[in-house]
Amino acid sequence: MSDANPPDEGKLPWFEPYARAGFTDLSTVHELPYDHSILLENLMDPAHVPISHDRTDWTAKREDAQPLFFDVTERTPRGFAGYWGRTGTPHLRNLLRFEAPCVLTNTLEFADKDGREQCFSAHFLCRPAGQGKSMLLVRFGSTLRSPLAKVLPSWYFHQNACKVFEQDMGFLSSQNEVLLREKLPTRELYLNLRSSDTWVAEYRKWMDRAGHGMPYYFGHSTLSPPPVPAVVEQAPAGAVAGISASFPAKGGVGMVHAPNPTNRYFRHVVHCKGCRATVKKYTSLKTVFAALAAAALSAAILAATRQWKAVLVAASAVLAAASYACDAVLSLITTNFIRTHRRL
């Protein structure tokens with residue numbers, strides 16, 4: 001970092017889709033309570049999306065789950081790449097590329113009904129944050145922009161992204177615990193399906209080739225477990241999840257709960273400038289509306305005429321509703337999602 005030793009810009013990663021005309025994107029950041037390798041494995045597993053993220057990821061529907069096809073086109077010490085897609089729509093081929101140690105990209109190019117070339121691309125930058133913890137910078141972009149994206153605020157999309165990770169968090173943190181407890185390579189623990197787990201197997205086999213350069217790793221047939229396993233933070237499950245998710249991000253009278261990577265406030269909001277500002281704004285608005293509602297109700301009690309009483313009571317109700325709406329926004333941003341199961 002000096003003029004005497006200028007940087008080599010050729011070494012900077014280049015994500016071509018972002019240079020395309022009309023390409024727009026949305027970025028979010030998350031701290032997650034499981035290992036960096038489990039995060040990458042989850043992100044390169046397209047088969048789970050319609051099941052785990054049914055109607056949360058707007059492209060995911062459980063009834064659309066189907067066998068997938070895979071074509072590995074590249075294997076190097078720095079990663080691997082290839083194409084995948086659904087057997088029902090073989091003309092839509094996604095290009096997945098893993099570039100060690102932390103970059104995963106998934107790009108879909110297709111022609112729309114008018115013959116125009118369109119592109120959707122997802123970029124995941126996965127940073128280890130210690131044993132059993134990881135940080136994720138995720139960016140979704142497209143040449144097609146949904147009308148909703150022009151209307152809805154960015155915090156709404158951020159909370160939806162949090163919801164997606166919460167749907168996976170319980171079993172991924174449990175998987176982290178099993179790997180550390182059993183101390184076996186994934187071939188002994190995983191049932192890899194040819195119809196859906198190609199990238200998962202490729203990643204763990206890459207670990208076999210490159211794992212010797214890592215402080216600890218779990219490969220497909222080799223492993224190097226940590227000498228002293230750290231305490232693995234677990235996402236709550238079942239009734240415990242319902243109780244913990246109901247806790248607010250902030251405690252009483254200026255107090256804040258101890259950081260907990262299973263809590264949405266500490267997984268996302270503390271790392272996101274936009275969501276921090278939104279929480280601060282809506283907290284202030286909630287307080288102001290509640291105070292005005294109380295003042296209007298007090299004035300209604302003291303008003304001399306029925307007409308003024310009716311007007312002030314109505315004003316108090318509207319202000320109370322506004323305070324409740326602000327509280328609902330705060331809850332949406334800071335409270336974990338719990339799925340209620342449904343029949344198809």
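We count residues from 1, following the sequence as given. What's counted below: heavy atoms across the whole structure, side chains too, no hydrogens, waters or symmetry copies.
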With a 4.5 Å limit on heavy-atom distance, are the side chains of Ile38 and Leu179 in contact?
yes
Heavy-atom side-chain proximity of His212 to Thr222 below 4.5 angstrom
no
Just how far is it from atom OG1 of Thr28 to atom CG of Asn160, taken to the nearest 0.5 Å?
10.0 Å
Same apolar cluster: Val103 and Leu137, side chain cutoff 4.5 Å:
yes
The side-chain hydrogen bond (donor to acceptor under 3.5 Å, both in side chains) partners of Gln66 (sequence neighbours excluded) come to none
Side-chain contact, heavy-atom cut-off 4.5 Å: Trp199 with Asp45?
no
Find out whether Asp54 and Gln167 are in side-chain contact, i.e. whether some heavy atom of one side chain is under 4.5 Å from a heavy atom of the other.
no
Give me the atom names and distance for the closest heavy-atom approach of Leu184 to Leu223.
N-CD1, 3.7 Å
Electrostatic pair Glu63-Arg55, nearest N-O below 4.0 angstrom:
yes
Ring centroid separation Tyr18 to His123 under 6.0 Å
yes
CA sep, side-chain torsions, deciding dist, call: Arg264, Thr334, side chain to side chain contact (heavy atoms under 4.5 Å, CB included):
CA-CA 5 Å; Arg264 183 184 293 194; Thr334 60; 5.7 Å; no
Does Arg20 form a salt bridge (charged side-chain N to carboxylate O under 4.0 Å, His left out) with Glu117? I'd like the steps, not just the answer.
CA-CA 11 Å; Arg20 301 189 185 198; Glu117 291 295 324; over 6 Å; no
Could you give all pairs that pass the salt bridge (Lys or Arg N to Asp or Glu O under 4.0 Å) test and reach residues 270-295, with sequence neighbours left out?
Lys286-Asp327
Does the ring centre of Phe80 sit less than 6.0 Å away from the ring centre of Trp206?
no
How long is the straight-line distance from SG of Cys102 back to NE2 of His36, given to the nearest 0.5 Å?
6.0 Å
Going by atom types alone, do Gln175 and Tyr190 pair a side-chain donor with an acceptor below 3.5 Å?
yes
Atom of Leu332, atom of Trp155 and distance for their closest heavy-atom approach:
CD2-CZ3, 3.7 Å
Between Thr278 and Gly274, is there a donor-acceptor pair closer than 3.5 Å when you use the side chain of the first and the backbone of the second?
yes
To the nearest 0.5 angstrom, please state how far the CG atom of Asn176 sits from the CG atom of Leu39.
11.0 Å
In sequence, state the C-alpha distance, the side-chain angles, and the governing distance for Phe120 and Gln118, and then conclude on side chain to side chain contact (heavy atoms under 4.5 Å, CB included).
CA-CA 7 Å; Phe120 171 81; Gln118 304 292 353; over 6 Å; no
Polar side chain donor-acceptor pair, Asn94 to Asn106, under 3.5 angstrom
yes
Within a strict 4.5 Å, meaning less than it, do heavy atoms of the Phe110 and Leu144 side chains meet?
yes
Show the nearest heavy-atom pair for residues Ser196 and Phe70, with the distance to one decimal.
O-CZ, 3.5 Å
N/O donor-acceptor pair under 3.5 Å between Asp208 side chain and His220 backbone
yes
More than 12 heavy atoms of other groups within 6.0 Å of Phe69 CZ:
yes
Is there a path from Phe98 to Val49 through hydrophobic residues (I, L, V, M, F, W, Y) whose side chains come within less than 4.5 Å of each other?
no
Going hydrophobic residue to hydrophobic residue with side-chain gaps under 4.5 angstrom, can you get from Leu43 over to Met207?
yes
Would you say Leu292 and Trp308 are hydrophobically clustered, going by side-chain heavy atoms of ILVMFWY under 4.5 Å?
no
Determine whether a donor-acceptor pair (N or O, by modelled atom type, separation under 3.5 Å) exists between the side chain of Ser323 and the backbone of Leu319.
no
Nearest heavy-atom neighbours spanning Ser27 and His158
O-NE2, 3.2 Å
Exceeds 12 heavy-atom contacts within 6.0 angstrom, atom CZ of Arg97
yes
Verdict with supporting geometry, Cys162 and Arg267, side chain to side chain contact (heavy atoms under 4.5 Å, CB included)
CA-CA 9 Å; Cys162 288; Arg267 277 198 341 272; 4.2 Å; yes
Which atom pair, heavy atoms only, marks the closest approach of Phe218 to Pro225?
CZ-CB, 4.2 Å
Applying the side-chain contact (heavy atoms from CB on, under 4.5 Å) criterion to Leu40, which one of Pro101, Cys126, Ser134 satisfies it?
Cys126
Decide whether Tyr156 and Val269 are clustered together by the hydrophobic rule: side chain heavy atoms of Ile, Leu, Val, Met, Phe, Trp, Tyr closer than 4.5 Å, transitively.
yes
Distance check, rounded to the nearest 0.5 Å: Glu16 atom CD versus Phe23 atom CZ?
9.0 Å
With a 3.5 Å cut-off and no angle check, do the side chains of Asp168 and Tyr34 form a donor-acceptor pair?
no
How long is the span from the OG atom in Ser331 to the CG atom in Asn336, to the nearest 0.5 Å?
10.0 Å
Anything under 30° is parallel, anything over 60° is perpendicular, the rest tilted; go ahead and classify Phe165 against His30.
tilted
Closest heavy-atom pair and its distance - Ala60, His53:
CB-O, 3.3 Å
Could you tell me if the side chain of Ser121 sits less than 4.5 Å from the side chain of Phe15, heavy atoms only?
no
Interatomic distance, CG@Leu191 vs CG@Asp197, rounded to 0.5 Å, equals 7.5 Å
Is the closest side-chain heavy-atom distance between Phe124 and Met44 below 4.5 Å?
no
Count the heavy atoms belonging to other residues, nucleotides or ligands that lie under 6.0 Å from NZ of Lys61, then report whether that count exceeds 12.
no
Are the side chains of Ile51 and Arg62 in contact, using a 4.5 Å heavy-atom criterion?
yes
Kindly indicate, with the supporting measurements, whether the criterion side chain to side chain contact (heavy atoms under 4.5 Å, CB included) is fulfilled by Leu32 and Met135.
CA-CA 6 Å; Leu32 298 164; Met135 289 289 295; over 6 Å; no
